[in-house]
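Step one of this worksheet: look at the structure below.
Please read these numbers as outputs of a predicted model, since none were measured by experiment. Residue numbers start from 1 in every chain, and the chains themselves are labelled A, B, ... in the order their sequence lines are given, proteins ahead of strands.
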2 protein chains.
Amino acid sequence: MARRKDHTREELKNLILEMSWRLVGKEGPQGLTARRLADAIGYAPGTIYNVFPSMDALYLQVNARTLDLLHGVLASPACHDAKKTPVQNMKKMAQLYRSFAQDMRPYWLMLFSHDLPETREVEPWYQEKIDRLFTSLEILLAPTFSGKQQRKMKMAARILWASTHGLCFLEETGKMPKLDGESAFESMANYLIDSFVIGMKTAPVAQE
Amino acid sequence: MARRKDHTREELKNLILEMSWRLVGKEGPQGLTARRLADAIGYAPGTIYNVFPSMDALYLQVNARTLDLLHGVLASPACHDAKKTPVQNMKKMAQLYRSFAQDMRPYWLMLFSHDLPETREVEPWYQEKIDRLFTSLEILLAPTFSGKQQRKMKMAARILWASTHGLCFLEETGKMPKLDGESAFESMANYLIDSFVIGMKTAPVAQE
DNA sequence: CTTTTATAATGAACACCGTTCATTATTTAT
DNA sequence: ATAAATAATGAACGGTGTTCATTATAAAAG
């Protein structure tokens with residue numbers, strides 16, 4: 001059987017990616033295996049390797065899609081409201097990130113599952129998708145810093161991003177001690193942003 | 001063959017754990033498999049299951065050991081120097097965390113690899129080991145807050161912890177855009193701590 | 001000093017996994 | 001109608017965690 005042409009190469013690629021997405025959503029990253037995937041699309045396992053070089057490459061494509069969705073959320077007007085203060089927008093952005101993590105849990109967790117080939121270098125196109133996310137935050141911080149403080153602004157953006165992610169990640173994976181009965185992400189994120197923004201202008205930054 | 005008594009049950013348990021530790025250190029979490037482990041200690045794979053209920057349980061024990069080591073570092077006098085300011089000690093603690101992450105990379109990464117049975121609840125004894133880490137930071141923050149601000153202090157500790165971890169994690173896993181050529185963890189951690197400490201007293205905190 | 005009982009250790013077997021590649025079936029070109 | 005090209009296959013390889021009837025040994029009983 002060859003060139004069944006049920007699907008063109010491109011169609012097949014999309015089909016595989018779409019089914020991968022569904023499998024991860026339903027059963028988590030563990031649910032995405034070559035055999036299950038082949039079964040679900042009505043092809044043999046080997047066929048997948050005619051389209052993707054490895055399952056890892058496919059995982060990466062799923063992650064890429066997740067990053068695109070996340071970027072869509074963080075670049076949305078919901079947290080770039082000109083009528084609101086930068087701090088308000090930042091708080092909103094933190095909430096959006098947290099909501100994304102909860103709503104898209106298996107996809108979001110997959111972004112940080114690091115059992116992959118270990119130390120492999122991230123490819124530029126993938127790094128670009130990551131960098132975009134930080135840009136969304138830099139846009140909110142830019143007005144607060146002068147032109148000569150670009151480096152400081154970029155550092156602030158990285159710090160706020162990493163901090164928000166840290167809060168979200170530790171909480172979502174049960175690695176944060178409970179404070180009261182409930183999750184306190186929102187109040188902690190708000191406290192973080194308020195505090196950091198107050199201090200970030202007067203605090204010094206080490207020279208490059 | 002039974003009751004070879006080469007080792008008592010306890011000895012065998014220690015032997016397995018010790019060898020697991022070495023395997024993870026040498027080849028990462030992937031290197032710790034039932035067969036390799038059995039081979040390394042001179043027993044059959046089935047024997048491991050007479051001592052540990054599953055490989056996951058063993059992974060958890062390795063993580064427990066890592067957490068103990070980390071606690072030893074963060075509770076050390078190096079970052080609890082009475083002659084230094086709380087901020088200085090906090091900065092030192094952040095550096096110690098980062099050094100730990102680098103020096104014990106495979107163990108440290110394993111703490112956050114979340115391919116485990118997914119949503120399994122963390123057992124209390126394990127949660128306790130996590131909570132201890134936060135306590136080390138609370139000790140540094142305590143003098144800065146009044147008795148009535150205990151909740152606020154605990155929130156500040158969780159925020160600073162999560163933020164530092166976030167910085168470290170994103171950087172170590174290549175998910176942080178490069179700022180200059182080099183890693184900027186130290187200067188970012190310092191900037192974070194300086195800024196947050198400046199603002200954390202005046203910034204409001206949502207009521208419970 | 002047997003003989004029985006209890007049990008520690010085994011390792012083949014099961015159902016999975018990612019991946020390879022010679023083979024096959026089908027389409028396209030001659 | 002034949003030949004060349006190629007899409008799809010699926011058995012096979014070497015791995016994984018886990019189970020459990022079997023076996024070999026140590027302890028207890030006779």
Just how far, in rounded Å, is [atom2] of [N] from [atom1] of [X]?
| X | N | atom1 | atom2 | answer |
| --- | --- | --- | --- | --- |
| Leu23(A) | dC17(C) | CG | P | 11 Å |
| Asp56(B) | dT16(D) | CG | P | 15 Å |
| Glu27(B) | dG15(D) | CD | P | 13 Å |
| Leu32(B) | dG17(D) | CG | C1' | 12 Å |
| Glu11(A) | dA7(D) | CD | P | 14 Å |
| Tyr43(B) | dG11(C) | OH | C1' | 16 Å |
| Ile41(B) | dG11(C) | CD1 | P | 13 Å |
| Gln30(B) | dG17(D) | CD | C1' | 14 Å |

Give a yes or no on whether a salt bridge exists between Asp131(A) and Lys178(B), defined as a side-chain N under 4.0 angstrom from a carboxylate O. no
* Run the salt-bridge test on Lys91(A) and Glu186(A) with the 4.0 Å N-O cut-off and return the result as yes or no. => no
side-chain contact (heavy atoms from CB on, under 4.5 Å) between Tyr107(A) and Phe100(A), worked out:
CA-CA 10 Å; Tyr107(A) 305 108; Phe100(A) 185 88; 5.9 Å; no
Per [X] side chain, nearest of listed nucleotides [options]:
| X | options | result |
| --- | --- | --- |
| Met55(B) | dT9(D), dC17(C), dT18(D) | dT18(D) |
| Arg35(A) | dT19(C), dT18(D), dA8(D) | dT19(C) |
| Asn50(A) | dG17(D), dC17(C), dA8(D) | dA8(D) |
| Tyr49(B) | dA8(D), dT18(D), dT10(C) | dT18(D) |
| Tyr59(B) | dG17(D), dG18(C), dA8(D) | dG17(D) |
| Arg9(B) | dT16(D), dA8(C), dT18(D) | dA8(C) |
| Pro45(B) | dG17(D), dG11(C), dT9(D) | dG11(C) |

Problem set entry | Expected output: side-chain His165(A) to main-chain Ala162(B) donor-acceptor under 3.5 Å | no
(Q) Check whether Tyr191(B) reaches the backbone of Met200(A) with its side chain - one donor and one acceptor, N or O, closer than 3.5 Å. (A)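 Checked: pair present.
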With a non-hydrogen cut-off below 4.0 angstrom, is [X] in contact with a base, only sugar-phosphate, or nothing?
| X | result |
| --- | --- |
| Leu12(A) | sugar-phosphate |
| Ile48(A) | nothing |
| Thr33(A) | sugar-phosphate |

>> Nearest heavy atom decides the nucleotide; on that basis, is Arg36(A) or Gly46(A) closer to the 5' end of DNA chain C?
In response: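 On the 5' side of the pair lies Arg36(A).
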